[in-house]
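Here is the structure we will look at, set down as structure tokens.
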Amino acid sequence: MKRLIYLIGALALCTTLTCFCVEKDPKKPIIIQPGGGEEEGGDTPNFKLGAVLPAWVKGQFDIHFVNTTAGECIFLIFPDGTQMLIDAAGSSVATGDVKSVTNTGIRSRWDPTTGVSRFNYGEFISRYIRKCQAWTGNDKLDYILLTHFHNDHFGGADGHPVSGKSSSYTQQSLPMILDNFEVGKLMDRGWPDYDYPFDMCTYADNAANCRNYVTAVKWHNANNGLKVERFVAGSKSQITLQQDAASYPTFTVRNLSVNGNIWTGNGEESKATFPELKDIKVADTKNIASTDNCPAENHNSCAAKFSYGAFDFFAGGDLQYNGFSTYSWKDIETPVAKVCGEVDVMKADHHGTAATNGYGERGLAWAMKYLKPKCWVVNSWTDQHPRQATYEGVTGYLSDMDVFITNTCSDMQKYNDFNRVKGSNGHIVVRVYDGGAKYYVVTVSDSDEKMTVKQIAGPYKSK
């Protein structure tokens, strides 16, 4: 009888304490409440809502999606302190310019162009980088990668001051970065001729901006010791750790594609999938149609996979699949995703707009089938980044994926499953730790430039 009483009492006590003894599901992120993260040792982050983002420490891999409301910009700190910048957002589309895009909704919270004479995104990005460099003690930008030649990735040149380095170019976003920092190596898809799929400095729809960028790059190459290379598809040696490679042997960067050249998955080999220069046929270079035998600028984007232990991050620029019903090779997104394989975090291709982030639409475009990210990060600079159809298609296909968007607006609240957005309206920071085994995704303040922690998602367990 006593044993029965003890057993009943023990069962009651266990029921009372259930909320304390249930094991955490590693597939579900813990949304940290005010007070901070888990108490662990080593390089484990300790985030607190309302506090400044903790400094990066050696052994962590940081991915910062810098929000300018004008395009894409990613700043990375590798585990040894090597630093890299991917793109320098600076579209010159004015707020409310309905002739091109609608951006009044996402800028209703914060409009960096208001009250500022020709706001320079390059300087805004530079200030962000300098704050991060205070953590690493590395004043050098070891790498810069420009994924492709669009203003929302390298900045508009019109209206900005002439460079103090040379009167031959103005300080559009990326040239200003070159002026402001010592840069080890710059990579893009065009060096040195910038002639694929045609002369970009003459015939591109933004030829003047391309000319200004190319002039700045060539000036720094000739006068400032800047090393410049064309991005090489398949390479695993073009981007490497520069500070302490021996301590982090599991960190690698694999170049996946550029100009339609795609890594084969074998060594550093790549295969050309786009037409050769001699076979390019286009009626109007400033308005490339889906039916032209010519890749549009977005198709040519540089794409790469960053790996640290079990963690993988995919950054594919503006890869897309429009025009693939006429030319199958125009779905560049799917074969790149296939050779990349599953990842933990993915930057949404082309801001999550139409004909991107393929989820089986019409049964053909299947990028998400191969990538299957746990976290999908959208760099938004219009009110339709991401598009409703793309958002609902991707979230419907990947039912356990979390979403992070740098800028949102009221219209997005109408999207189905918008509760899947776990961080928004700020810089999005991915911090990978424990040798790549775990990571957090944190949203920090942007308009005040203080990096105050607003939202915390994690820890996630790497695949």
Side-chain angles (χ1 to χ4, degrees), residues 19-69 73-79 81 83 109-110 124-125 127-138 308-309 311 313 344-345 374-379 401-408 419-462:
C19 62
F20 297 102
C21 59
V22 171
E23 185 176 353
K24 293 180 294 185
D25 182 352
K27 294 182 180 179
K28 294 182 179 180
I30 304 167
I31 307 304
I32 306 299
Q33 300 300 319
E38 297 181 332
E39 294 296 330
E40 297 181 20
D43 63 353
T44 303
N46 186 23
F47 302 111
K48 294 183 179 180
L49 292 175
V52 174
L53 180 72
W56 167 94
V57 298
K58 193 172 181 181
Q60 294 175 345
F61 173 34
D62 267 17
I63 307 168
H64 296 246
F65 296 84
V66 182
N67 182 29
T68 68
T69 76
C73 178
I74 306 174
F75 178 68
L76 305 99
I77 306 174
F78 298 171
Q83 297 169 145
R109 174 185 64 89
W110 170 51
F124 179 85
I125 295 167
R127 290 196 296 270
Y128 191 99
I129 293 172
R130 290 188 188 105
K131 288 184 179 181
C132 296
Q133 288 181 333
W135 304 338
T136 66
N138 179 11
Y308 181 31
F311 175 86
F313 165 57
D344 297 281
V345 177
K374 175 60 185 175
C375 297
W376 191 54
V377 185
V378 183
N379 278 107
M401 183 188 74
D402 291 337
V403 181
F404 302 84
I405 307 175
T406 54
N407 304 287
T408 62
N419 62 332
R420 300 274 291 280
V421 177
K422 303 302 182 185
S424 63
N425 298 322
H427 306 302
I428 308 295
V429 180
V430 179
R431 180 157 289 174
V432 189
Y433 65 104
D434 194 14
K438 301 174 184 176
Y439 61 98
Y440 283 91
V441 185
V442 183
T443 306
V444 302
S445 62
D446 46 18
S447 58
D448 61 5
E449 300 190 40
K450 293 181 179 180
M451 294 188 185
T452 303
V453 176
K454 297 173 57 179
Q455 295 154 313
I456 308 168
Y460 296 90
K461 184 178 180 180
S462 301

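Just so you know, residue 1 is the first one in the sequence shown, and it goes up from there.
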Shortest non-hydrogen contact from [X] to [Y]?
X: Asp448; Y: Met451; answer: OD1-N, 4.3 Å
X: Trp56; Y: Phe61; answer: NE1-N, 4.4 Å
X: Arg431; Y: Leu53; answer: NH2-CD2, 4.2 Å
X: Ser424; Y: Lys454; answer: O-NZ, 4.0 Å
X: Gly436; Y: Ser462; answer: O-OG, 2.7 Å
X: Val444; Y: Val453; answer: CG1-CA, 4.2 Å

Donor-acceptor check, side chain of [X] to backbone of [Y], threshold 3.5 angstrom: yes or no?
X: Asp62; Y: Phe78; answer: no
X: Thr443; Y: Gly423; answer: no
X: Lys422; Y: Val441; answer: no
X: His427; Y: Asn67; answer: yes

Is Asp446 salt-bridged to Arg109, going by a charged N under 4.0 Å from an acidic O?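 The answer is yes: the pair qualifies as a salt bridge.
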Ring-ring centroid check Tyr440 Phe47, cutoff 6.0 Å: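 Close enough - the centres of the two rings lie under 6.0 Å apart.
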Hey, which of Tyr308, Tyr433, Phe313, Tyr460 is the one that makes ring-ring contact (aromatic ring centres under 6.0 Å, His included) with Tyr439?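 Going through the options one by one, the only one that passes is Tyr460.
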Quick one: does Thr44's side chain get under 4.5 Å of Asp434's, heavy atoms only?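 When only atoms from C-beta onward are counted, Asp434 and Thr44 do not touch, as no gap falls below 4.5 Å.
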Answer yes or no: is there a side-chain heavy-atom contact under 4.5 Å between Val345 and Phe311?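 Side chain of Val345 against side chain of Phe311, heavy atoms only: contact under 4.5 Å found.
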If you round to the nearest 0.5 Å, how far is [atom2] of [Y] from [atom1] of [X]?
X: Phe124; Y: Thr69; atom1: CZ; atom2: OG1; value: 8.5 Å
X: Asn425; Y: Thr408; atom1: CG; atom2: OG1; value: 3.5 Å
X: Cys132; Y: Gln83; atom1: SG; atom2: CD; value: 8.0 Å
X: Gln133; Y: Asn138; atom1: CD; atom2: CG; value: 6.5 Å
X: Lys438; Y: Asp344; atom1: NZ; atom2: CG; value: 14.0 Å

Check the pair Phe404 / Val430 against side-chain contact (heavy atoms from CB on, under 4.5 Å), numbers first and verdict last. CA-CA 11 Å; Phe404 302 84; Val430 179; over 6 Å; no
